[in-house]
Amino acid sequence: MRLFAATLATETNTFSPLPTSLAAYKEGVFFRPGEHPQDSPRMCTAPLFVARRRAAEEGFTLIEGSCFAASPAGTTNRRDYEGMRDEILDQLKAAMPIDGILFGLHGAMVAHGYDDVEGDIIARARAIAGKNCVIGVELDPHCHMTLKRMQASDIIVCYKEYPHTDVVERAEDVLDLVLRTLRGQIKPVMSLYDCRQIQMYPTTEPLMRSFVDQIKGLEGKDGILSVSIVHCFPYADVPENASRVLVIADGDKSKSDRLATRIGEELVSMRGKTMPQLLDVPQAVAAAVASNVAPVVIADPSDNAGGGAPSDNTSILRHLIERNIEGAALGPIWDPIAVRLCFDAGDGAIFPLRFGGKTGPASGTPVDASVTVVGLARDCWQSFGPTKVPLGDCAAIRIGGVEVALITNRSQALGLELFTNLGIDPRTRRLVVVKSTNHFMASFGPIAKRVIYVDADGPLVSDYRKLGYTNVQRPIWPLDAETRPGLIY
Ligand SMILES: [Zn+2]
């Protein structure tokens with residue numbers, strides 16, 4: 001039995017001012033066959049990572065393809081996308097005959113000329129590998145579950161948790177289902193329900209927590225093989241941007257249709273109820289300062305690099321400085337030039353620095369301040385579950401009572417290392433501001449005595465009606481009050 005595995009992934013914010021080229025993949029994940037590190041998966045590479053570990057014991061040969069992944073940003077350069085795609089497809093051709101394919105994709109990647117990158121890759125792989133090849137795909141739930149990719153795949157599984165702490169477990173699920181199909185033990189059939197809504201669904205909030213736990217309980221019994229809640233990725237102007245429910249049953253399409261419909265209808269009834277309350281910036285900071293527990297973690301979803309934002313908006317920082325807040329740490333601010341200047345100034349130096357507020361109108365204006373360099377570190381990493389995320393060279397600066405973590409490789413706040421690499425222990429600070437929508441909860445949730453979500457003025461607006469979509473299929477909530485949810489596959 002011969003399996004092929006590869007990754008090509010990013011999450012594309014089509015509204016982002018930051019184009020994505022090959023350089024962003026080289027800064028992120030860029031492994032040719034055999035180069036993938038042994039210690040942990042990187043971004044979307046868990047299927048290859050898991051298959052490599054299990055190949056010998058399960059009795060199959062793994063043919064490794066290339067793995068390319070970039071941090072979320074704007075639309076990928078067309079020539080760069082086609083080059084990476086064709087490299088993987090050429091590897092697949094050279095590896096034929098292949099019994100099964102494992103793709104670790106994101107699911108919300110857009111390249112110039114390709115609204116549905118994953119549909120394009122999977123369909124081309126199907127054309128090469130033939131109809132009997134079993135194609136299994138792992139996707140991020142912040143994806144566009146298009147009909148094209150449903151038609152070209154046998155098995156698609158999304159992570160269930162947001163923050164995405166179950167990337168490896170779901171890759172194990174994909175591999176299990178592919179192997180069981182190849183061994184003739186199951187015949188997967190998929191159904192897709194379209195909820196006709198755009199929404200975020202953190203699974204750290206009580207409503208989604210119980211919903212996901214309930215869904216997990218449905219799998220592995222009564223002929224149900226897998227259930228995925230497709231959250232959608234709101235910041236993409238593509239036709240099939242919508243929350244959807246994907247159910248895989250063993251051979252019985254009417255069974256997967258019924259369950260997808262039941263779960264889909266439940267998700268429709270949760271419109272507007274899954275996000276935590278957002279405070280404005282003065283309210284959030286005042287609430288944190290008035291709190292008698294520490295640290296209070298304030299999350300800024302509006303400038304989340306994980307959603308393609310630049311992560312250099314300065315509004316909250318400016319507010320902290322103007323209010324003379326003591327014992328505060330904020331990060332990350334993406335500003336490679338400012339990091340370079342801090343290294344040039346040296347540890348302990350006090351010098352005038354202009355930083356942040358550069359990339360686009362939603363970045364605000366730069367901060368000009370006399371800063372003290374309080375930490376410098378080369379080639380830093382932060383952890384996200386089992387995954388290591390590169391931050392590049394980093395610098396910490398202090399302005400009054402506020403410390404700021406400046407980074408070179410754009411990323412959201414994921415691990416405590418964002419601060420501890422630079423000698424800042426967030427556990428001992430009164431107030432910690434993190435630029436992240438919800439992934440920060442995996443590491444910062446356990447140390448936070450209280451978490452406040454703030455509605456700041458970064459580019460990832462919380463009211464999707466303000467995004468100016470022109471390509472998204474209508475009607476869809478919250479753009480339209482009346483919608484027609486239903487089974488579409
Ligand atoms: Zn995601």
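We number each residue from 1, following the sequence as shown. The structure presented is a predicted model; accordingly, all values stated were derived computationally and were not measured. Order of appearance sets the numbers: ligands from 1, and atoms from 1 within every ligand.
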>> Within the supplied structure, the quantity of interest is the number of heavy atoms (other residues, nucleotides, ligands) at a distance under 6.0 Å from E35 CD; does it exceed 12?
In response: yes
>> If you apply the rule side chain to side chain donor-acceptor pair (under 3.5 Å), what do you find for H106 with H142, and how did you get there?
In response: CA-CA 8 Å; H106 180 285; H142 298 114; 5.7 Å; no
> Restricting to N, O or S atoms of H142, which is nearest to the Zn ion (ligand 1)?
Replying inline: ND1
>> Measuring centre to centre across the rings, with the benzene-like ring taken for any Trp, is Y201 within less than 6.0 Å of Y162?
In response: no
>> the Zn ion (ligand 1) and H164: any N/O/S contact shorter than 2.8 Å?
In response: yes
> Would T45 and H36 satisfy side chain to side chain donor-acceptor pair (under 3.5 Å), going step by step from the backbone distance to the final call?
Replying inline: CA-CA 9 Å; T45 67; H36 192 291; 2.7 Å; yes
> Is the Zn ion (ligand 1) under 2.8 Å from any N, O or S atom of C143?
Replying inline: no
>> Would you say the Zn ion (ligand 1) has D140 as a near neighbour, meaning an N/O/S atom of that residue under 2.8 Å away?
In response: yes
